[in-house]
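In listed order, ligands and their atoms are each counted from 1.
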Amino acid sequence: MIKTDLPYLENDLKEVVNIFENGENLDIKHLYSEKTDRVVNTIVVGGKSYAFGNYIGENNSDIVRKRLIKRYAKLSLYKALSAYLGISAPWGSLTGIRPTKLAYQSINETGEFHDFFTQTLKVSEEKTELVQKVLSSQKNYYIVDDSWTDFFVFIPFCPSRCGYCSFITSDLRSASKLVDKYVDTLIYEINASKKFIKNLRSIYVGGGTPVALSDEQLDRVLSALDDINCGVEYTVEAGRPDVITENKIAILKKHKVNRICVNPQTFNDKTLKLLNRKHTADEVKEKYNMVKDDFSVNMDLIAGLPEETFEDFKYSLDTAISLSPDDITVHTLCIKRGSDLSETVKRLPENETEKMVEYAYKKLTSRGYNPYYLYRQKYASANLENVGYAKSGKECVYNIDTMEEISSTVACGANAISKRIKGTEIVERYAAPKDVASYLNKIEVILENKEILFK
Ligand code: SF4
């Protein structure tokens with residue numbers, strides 16, 4: 001529990017407390033004082049007191065001062081808990097989901113980010129090097145331009161619900177009545193949203209599992225996108241191998257999709273069963289072989305899955321590399337409220353997960369896969385990150401744009417978040433309702449809001 005002199009920062013400070021295993025059980029006091037250009041944060045924990053003074057500048061704008069006040073409060077708390085518990089975390093006091101965005105911001109303001117990460121935020125040298133590599137991979141893609149647009153379409157249905165899933169996806173069998181209506185409304189929204197596109201950079205149909213739609217439904221949704229497809233990167237998440245068929249592949253080819261995801265998550269059948277995924281590891285290989293010559297393929301793996309050891313993860317990663325897809329994304333398991341596993345899994349084996357993530361980094365970079373986008377999630381095992389690795393020139397533009405927020409996104413579907421970029425700092429968002437029924441009922445309101453966002 002934390003008591004703070006700055007109640008508006010309580011949630012940010014709790015995020016720092018959660019970096020430390022069982023941190024939420026500590027009694028912590030945060031005292032704050034401010035004089036013209038300096039702040040002092042004092043942390044009292046377990047009868048010990050730690051005080052830190054920092055310069056916030058007399059002439060800085062209110063926005064900059066607020067940002068610095070928050071940064072130093074979090075950093076002071078991190079340093080105090082780190083000293084009290086004798087533990088340092090790989091990402092130091094950094095809790096945000098986009099470390100690379102912060103690195104770009106620091107480079108813009110001071111010309112560098114390395115010292116800011118390692119000395120100010122206490123990020124480890126290893127994670128700072130990872131960020132540096134991601135920035136290098138993004139060199140040819142990182143263009144901040146208000147006119148660039150990504151077009152995103154969301155299909156919130158899956159053939160079954162994975163144990164770790166906390167998305168709003170519905171099991172297709174239980175939602176079958178809604179699906180036709182959803183497809184009709186989605187196509188209506190796609191057509192009404194095309195006018196918001198300025199300079200198209202990519203199309204991304206995600207989910208859920210878009211390929212779990214019937215042949216006819218999938219064909220209809222992709223037909224609605226035909227007239228905007230000008231040969232840009234065009235991704236469809238095939239996701240679950242159990243729904244990839246010859247017919248589906250023919251539909252994707254007909255609509256000139258050039259990138260798909262075939263996601264094993266693990267190559268261990270025992271774990272796949274435990275996760276309620278209705279396919280085997282062999283099926284992933286079989287479907288991958290059916291698509292690999294026609295599409296650039298991404299594979300997702302998860303480190304820290306329940307009942308998996310380091311050897312299990314190593315086997316999955318080595319198998320994925322032996323198949324040689326263009327892109328392998330390594331996620332760290334994240335057990336969020338709302339997922340079935342949140343009922344049964346309490347705390348994940350953090351050391352094992354760290355070992356897995358380190359192994360993935362070393363092995364993938366030694367095999368010609370460069371880390372090119374990265375993000376962090378709350379509740380991730382050991383507070384670790386998700387990293388996309390790709391062969392050179394095979395990076396997914398949409399993933400970079402979304403993580404770095406360097407282009408606008410026109411998004412269609414339930415829970416789809418449209419974003420308007422204005423320069424490097426300002427991002428305005430509009431999120432459509434999460435559940436399918438509200439989405440269907442409020443489609444006109446959704447379009448009105450997008451009109452305001454993109455006007
Ligand atoms: S495939 Fe993805 S979206 Fe669908 S249930 Fe599994 S985790 Fe959730």
For atom 6 (Fe) of ligand 1, does an N/O/S atom of Cys162 lie at less than 2.8 Å?
-> yes
Which of the atoms of ligand 1 are close to Gly208, meaning less than 4.0 Å from one of its heavy atoms?
-> 3 (S)
For Ser160, counting its heavy atoms only, list the atoms of ligand 1 lying under 4.0 Å from any of them.
-> 5 (S)
Sequence neighbours excluded, the answer for side chain to side chain contact (heavy atoms under 4.5 Å, CB included) partners of Glu395 is Tyr141, Tyr372, Ala390, Ile400
May I ask you to check whether Cys165 brings an N, O or S atom to under 2.8 Å from atom 4 (Fe) of ligand 1?
-> no
Say whether Lys278 and Asn276, considering side chains only, have a donor N or O and an acceptor N or O under 3.5 Å apart.
-> yes
Taken in chain and number order and not counting sequence neighbours, the residues that satisfy side chain to side chain contact (heavy atoms under 4.5 Å, CB included) with Asn370 are Ser137, Ser392
Thr280 versus Asp282, side-chain donor and acceptor atoms under 3.5 Å = no
Answer with yes or no whether Pro159 contacts ligand 1, where contact means a heavy atom under 4.0 Å from a ligand atom.
-> no
4.0 Å heavy-atom contact, Gly239 with ligand 1 = no
Between Phe310 and Tyr359, what is the ring plane arrangement, given parallel below 30°, perpendicular above 60°, and tilted in between?
-> perpendicular
